[in-house]
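Beneath this line is the structure, given in structure tokens, with notes to follow.
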Amino acid sequence: MKLKLSKTTRINFLTYAVVIVAFVVFQSLSSAGALSSTLKGQLVPICAYVVMALSLNLTVGVLGELSLGHAGFVSVGAFAGAVASAALTTVIPIPALRLAVSMVIGAIFAAIAGVLIGIPVLRLRGDYLAIVTLAFGEIIKSLITNFYIGIDGEGLHFSFLSNKLSLGEGGRMILNGPMGIPGITRISTFAAGFILTMIALIVIFNLVNSRSGRAIMALRDNRIAAESVGINVTKYKMMAFVTSAALAGAAGCLFSLGQNTILPSKFDFNTSILILVFVVLGGQGRMLGSIIAAAALTILPEVLREFADYRMLVYAIVLILVMLITNNPTISGFFARLFRRQKGDET
Amino acid sequence: MLTFLNHLISGISLGSVYAIIALGYTMVYGIAKMLNFAHGDVIMVGAYVCFFMVSSFGLHPIIGILLAMVVCTLLGIVIERLAYKPLRQAPSLAVLITAIGMSYFLQNAAQLLWTSNYKMFPAFFTFGGKNGVSFFDGRLNLSWTTIVTILACLVIMVVLTLFTDKTKLGKAMRACSEDKGAAQLMGINVNTTISVTFAIGSALAAVAGVLLCSAYPTLMPTTGSMPGIKAFTAAVFGGIGSIPGALLGGILLGIIEIFAKAYISTQVSDAIVFAVLIIVLLVKPTGLLGKQIREKV
């Protein structure tokens, strides 16, 4: 029996298969104790970065708009999720369920931020859009840095700019402005990361292969032509942008609940750029590429640990060289010829 | 009233530094259509070179600044040749990532060479043992650093405007930024012109680095990144690609930042600066003095 599948379906199934195999391999290696403790500690962050890269790829690769403030959405999700988890500790005692609820809350908050930011941002084009996303990322960072949240018997208390909270009996601070959230109960697991990655993939593939997804890609390829056949620009741009923000929020929640402490300064411009690097290295619009690039580049600094002081320098050089090599016409021409010859042999 | 004036002056002074940095961004963007994220780190290199020339070798500050300009010019040309030139035909995102890689490289190289401990930048601009002049019994203070910064900014603006308007090379730069293909057909060497643009931008970065560190004397490998982002914002604010726009955007941004710090809140001053940028871009989507490009089907 020969199954006839379209090229996109085959690539999608390949992506699912790679993620599942990677999960099974790493899970069994980790339970067999074959992984070093640093790598084991990296499993949850890797999943989080993979989902962040996937979500940004939806904006950059599928929608075709450069976003330099993706860490802002991650940050909203991370803090909303971590606060929710801390507030719900007694209400939902089961960690897995609490993690799921926190992720949903993180995603909802990030989606709201996505709507608020998307309305002004998506009216702009090109580099102006990029700079405004950068600006929003910085605004989110500096707002969260000045936010204080405490909890006591009566519920959550908020305060802005300075800590003016007077908490009742048994009250405690959750979010401490620039100090972030200390003492997080780490409930994120590798399995949860795997499930989130799968959900993100399912959401993205279904969106991309739907009527809406084709509309979004038509906007990317030629906005004016797409508009002239009656595609609603704002609606489809918002759809992609908000989905991307929500997934980034869930990833942020996964990340923060896998750490002991998170600081608002963690999600700055450099983090946005880091995620963008994953997307560009993996290939715009290629989800499998984003997954591999995010995983590889998260592990790379750990592997380079033996270079100690030089590791970030090596990282920078690797980044520049990869960009130079992948965009070199001679080298890409050579590979193109090589693959064409191989295909010619097959037939 | 005098406090207001004091804030206004320090705003203009900070804005002048932003304007000089923004010039580097805006010129490179105008001609190469790329966001040169490594520009902020060239500022840092310039400041370090000047610092070591003056404090370790005991050279005169003027010579220190000139040497810093020479080093940064060479650095700018080398960066352009090695990293950006091979990517002339590549998609703009690839160039952006390379520029970011370059920025990481410069920061980490600086960290290895000069350690991440901060250095106190010496006060250069003292005349007759005084830091500045004061009026109204010391209620209005003008430091020499402020005066030199504002003057330097004005001189650079005038010289640069004359350069792009009158000289052959300047005209070549404007021609390249308008249409590279047509410029090449007219016998302009596009590659040389782009290199010259990078050289000028980097030399200005060195000046900006010294001026920035004279006003805010902690020098670290990451000193350049935040002013870099702010100056980039300033360039967009004024309309990226436009030289008077960089001046206007830089100075406005500096004033807004200082006023936000003084009258609203220190902690959220950055948020206010960026919020103003967003509002301006929503009203005028190509910046204050940017050209409106009409789209054709």
Side-chain angles (χ1 to χ4, degrees), chain A residues 60 66 68 117 120-121 123-132 134-143 145-146 160-162 177-178 222-225 228 268-270 273-274 276-277 279-281 284 309-329, chain B residues 29 33-35 37 82-84 86-109 111-112 222 225-226 229-230 232-233 235-237 239-240 265 267-279 281-282 285-287 290 293 295-297:
Chain A
V60 175
L66 177 59
L68 296 176
I117 294 171
V121 161
R123 292 178 51 200
L124 299 165
R125 306 223 168 93
D127 294 320
Y128 289 96
L129 188 147
I131 189 76
V132 169
L134 188 164
F136 268 115
E138 292 295 317
I139 290 177
I140 290 176
K141 187 185 86 181
S142 84
L143 291 184
T145 311
N146 291 297
F160 189 62
L161 278 184
S162 60
N222 192 329
R223 189 182 54 81
I224 296 173
S228 69
D268 59 355
F269 175 62
N270 288 327
I273 291 299
L274 187 71
L276 184 66
V277 167
V279 173
V280 175
L281 278 188
Q284 294 166 53
D309 296 343
Y310 295 94
R311 80 189 166 116
M312 285 314 289
L313 199 66
V314 175
Y315 182 85
I317 294 171
V318 168
L319 196 61
I320 296 172
L321 284 181
V322 168
M323 282 339 283
L324 288 181
I325 290 167
T326 49
N327 286 291
N328 189 314
Chain B
Y29 183 87
K33 293 282 172 290
M34 67 166 286
L35 305 174
F37 271 108
L82 287 183
Y84 302 154
L87 296 173
R88 254 330 117 66
Q89 309 299 330
S92 60
L93 256 184
V95 189
L96 182 79
I97 300 292
T98 314
I100 289 161
M102 210 26 125
S103 157
Y104 284 168
F105 177 82
L106 289 178
Q107 274 182 26
N108 288 292
Q111 200 161 336
L112 284 176
T222 50
S225 56
M226 201 55 199
I229 293 177
K230 292 250 184 73
F232 174 43
T233 314
V236 177
F237 197 61
I240 197 156
S265 154
Q267 295 130 304
V268 288
S269 66
D270 284 356
I272 293 167
V273 168
F274 288 116
V276 171
L277 168 84
I278 292 166
I279 294 166
L281 282 187
L282 286 180
T286 48
I293 298 163
E295 268 181 289
K296 276 181 260 179
V297 182

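First the proteins, then the strands, lettered A, B, ... as listed; each starts at 1.
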[atom1]/[X] to [atom2]/[Y] distance, rounded to the nearest 0.5 angstrom?
X         : Y         : atom1 : atom2 : value
Phe274(B) : Ile140(A) : CZ    : CD1   : 12.5 Å
Tyr104(B) : Ile317(A) : OH    : CD1   : 14.5 Å
Asn270(A) : Ser103(B) : CG    : OG    : 7.5 Å
Glu138(A) : Lys230(B) : CD    : NZ    : 8.5 Å
Phe105(B) : Leu313(A) : CZ    : CG    : 5.0 Å

Which bit of [X] comes within less than 4.5 Å of chain B, counting heavy atoms only: side chain, backbone, both or neither?
X         : result
Val277(A) : both
Leu129(A) : neither
Leu124(A) : side chain
Val314(A) : neither
Ile139(A) : both

Quick check on [X] against chain A: is it the side chain, the backbone, both or neither that has a heavy atom closer than 4.5 Å?
X         : result
Ile272(B) : neither
Met34(B)  : neither
Ser265(B) : side chain
Leu87(B)  : side chain
Leu112(B) : side chain
Leu96(B)  : side chain

For [X] and [Y], which heavy atoms make the closest approach, and how far apart are they?
X         : Y         : value
Tyr128(A) : Gly287(B) : CE2-N, 4.1 Å
Ala83(B)  : Ile320(A) : CB-CG2, 4.5 Å
Ala135(A) : Leu277(B) : CB-CD2, 3.9 Å
Ala316(A) : Gly101(B) : CB-O, 3.6 Å

Tell me, out of [options], who's got the most heavy-atom pairs with chain A below 4.5 Å.
options                                   : result
Ala109(B), Ser92(B), Ala90(B), Pro285(B)  : Pro285(B)
Thr98(B), Val268(B), Leu82(B), Ile278(B)  : Ile278(B)
Asp270(B), Ile240(B), Thr233(B), Leu35(B) : Ile240(B)

Mind checking whether [X] and [Y] have side chains closer than 4.5 Å, heavy atoms only?
X         : Y         : answer
Leu93(B)  : Leu276(A) : yes
Leu281(A) : Ile97(B)  : no
Pro91(B)  : Asn327(A) : yes
Leu68(A)  : Phe37(B)  : yes

